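Take a look at the structure set out below.
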Amino acid sequence: MPTFAALGLAPPLLSAIDALGYAEPTPIQAQAIPLILKGRDVMGLAQTGTGKTAAFTLPILHRLLGGPRRTRVVILSPTRELCLQIEGNVRQYAAGSGLEVAPIYGGVGYEAQEAALAGGVDIVAATPGRLMDHLEKQHVVFDDLEVLVLDEADRMLDMGFAPQIQAIVGQMPSWRQTLLFSATMPPEVEVLARKYLRKPVVVQVGRRSSAASTVRHVVYPVPRPRKTALLAELLRTEAAEGPVLVFTRTKAGADRVVRDLEDAGIPAHAMHADKGQAQREQALADFKDGRVRVLVATDIAQRGLDISGITHVVNYDVPQQAEDYVHRIGRTGRAATSGDAITLMCADEIGTVRLIERVLGQEIPRVSKAGFDFGT
Ligand code: AMP
């Protein structure tokens, strides 16, 4: 593996990397950084937790050093939490380089964001809806835009976001550099993605849509009405230590699981789109800082969040798409540590689990817990 210095990154960036204690580039970084420095469009596909954010941020910062303060880079991501996390990462890597980043996301007031944009920033880290609002109000212009990054690219290009992305990209210069990163890229989305790229180089580390190899998977067959009792039992036994992230399909489901766990004497927080932005941030901060050990979330927490030390991810409901499964379980086993992914499967979810196994290209072992399996 080359060193970061051998990749050609400038001294302020090497100091920041040093300060973070990164010994060497990860495979996606070693492959993507030289291409991005050369100005190539890149589609980067790598497993979750393998350092994708630095893979695009470091070469972008290198290129911005010493330039005029204009909005030269936009990094789009699907959730407010991910947007804030990217902003935080950019700040870490940009320490000592004098570059400015502004986070632009919904659920909070416009004034502070408008002021930040008016003051001049080099990099905007944004969710699409709020960025559109600022564009329409002309708080931001893209005349000098050089690089567009779509993080969690397949999600950004699916039905929910595609029209907004189209509108935003339509205001950007055609000569820009475009970088797409994701752990998953279904073939039908890749066709759409390629419309935004010019002669892209595909950088792929590992098999596409594969689960991080640092995660152990198991499926517990369990009758639906017994799921919460099994979850509580797991939280007292296998998953008794360390932070646990639980995914439910619905917002009401997340609230219900939290209530039932608390009744069982296990403190937990819920995080979903019906909570206010302050509550969402507080729930995540409490979880990150260890004030609450169990976070029950919907798919807003499934992509990109980098929370160190999550020992278990539990799919309380089986996710509908194999891609969702890959992203959810990718919240554990990050940066080469190991983690466990537990899926609670009731009878009508058996078919969905089989589909996920087919896409993953691996069978997930079934385990049962006495008193909780289908036979009881
Ligand atoms: P990401 O996939 O971008 O969310 O990054 C996953 C985690 O890996 C983050 O906590 C990063 O701080 C960490 N990381 C990124 N690059 C490196 C590296 N070269 N060496 C060690 N850790 C890294």
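Please read these numbers as outputs of a predicted model, since none were measured by experiment. Ligands are counted one by one from 1 in listed order, and the atoms in each one are counted from 1 as well.
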Please say whether Q85 places an N or O atom under 3.5 Å from an N or O atom belonging to ligand 1. no
Give a yes or no on whether Y105 and L131 share a hydrophobic cluster (residues Ile, Leu, Val, Met, Phe, Trp, Tyr; joining criterion: side-chain heavy atoms under 4.5 Å apart). no
Can you tell me if Y316 and T228 form a side-chain donor-acceptor pair at under 3.5 Å? yes
H62 and Y93 aromatic centres sub-6.0 Å: no
Nearest heavy atom to atom 20 (N) of ligand 1: which of F56, Y22, F181 does it belong to? Y22
Note: Q29, heavy atoms under 4.0 Å from ligand 1, region reported as side chain
Considering both backbone and side-chain atoms of N89, is one of its nitrogen or oxygen atoms within less than 3.5 Å of a nitrogen or oxygen in ligand 1? no
In ligand 1, which numbered atoms sit nearer than 4.0 Å to a non-hydrogen atom of K52? 1 (P), 2 (O), 3 (O)
So, R70 side chain and V121 main chain: donor-acceptor pair closer than 3.5 Å or not? no
Taking R293 for its side chain and G242 for its backbone only, find out whether a donor-acceptor pair lies under 3.5 Å. yes
Would you mind listing which atoms of ligand 1 come within a distance below 4.0 Å of any non-hydrogen atom of T53? 1 (P), 3 (O), 4 (O)
Can you confirm whether the side chains of T178 and R176 place a donor and an acceptor under 3.5 Å from each other? yes
Relative to ligand 1, is D306 under 4.0 angstrom through side chain, backbone, both or neither, heavy atoms considered? side chain
Counting each atom of ligand 1 from 1 as listed, which ones have a heavy atom of E24 under 4.0 Å away? 18 (C), 19 (N), 20 (N)
Apply side chain to side chain donor-acceptor pair (under 3.5 Å) to residues E114 and H134 and explain how you reach the verdict. CA-CA 8 Å; E114 188 186 344; H134 284 291; over 6 Å; no
Which ligand 1 atoms, with their elements, are less than 4.0 angstrom from a heavy-atom of F4? 19 (N)
State plainly whether the residues D122 and R69 are in salt-bridge range, i.e. N to O under 4.0 Å. yes
Can you sort out which atoms of ligand 1 are near T50, meaning under 4.0 Å from one of its heavy atoms? 2 (O)
What do you reckon, does G51 have a nitrogen or oxygen under 3.5 Å from a nitrogen or oxygen of ligand 1? yes
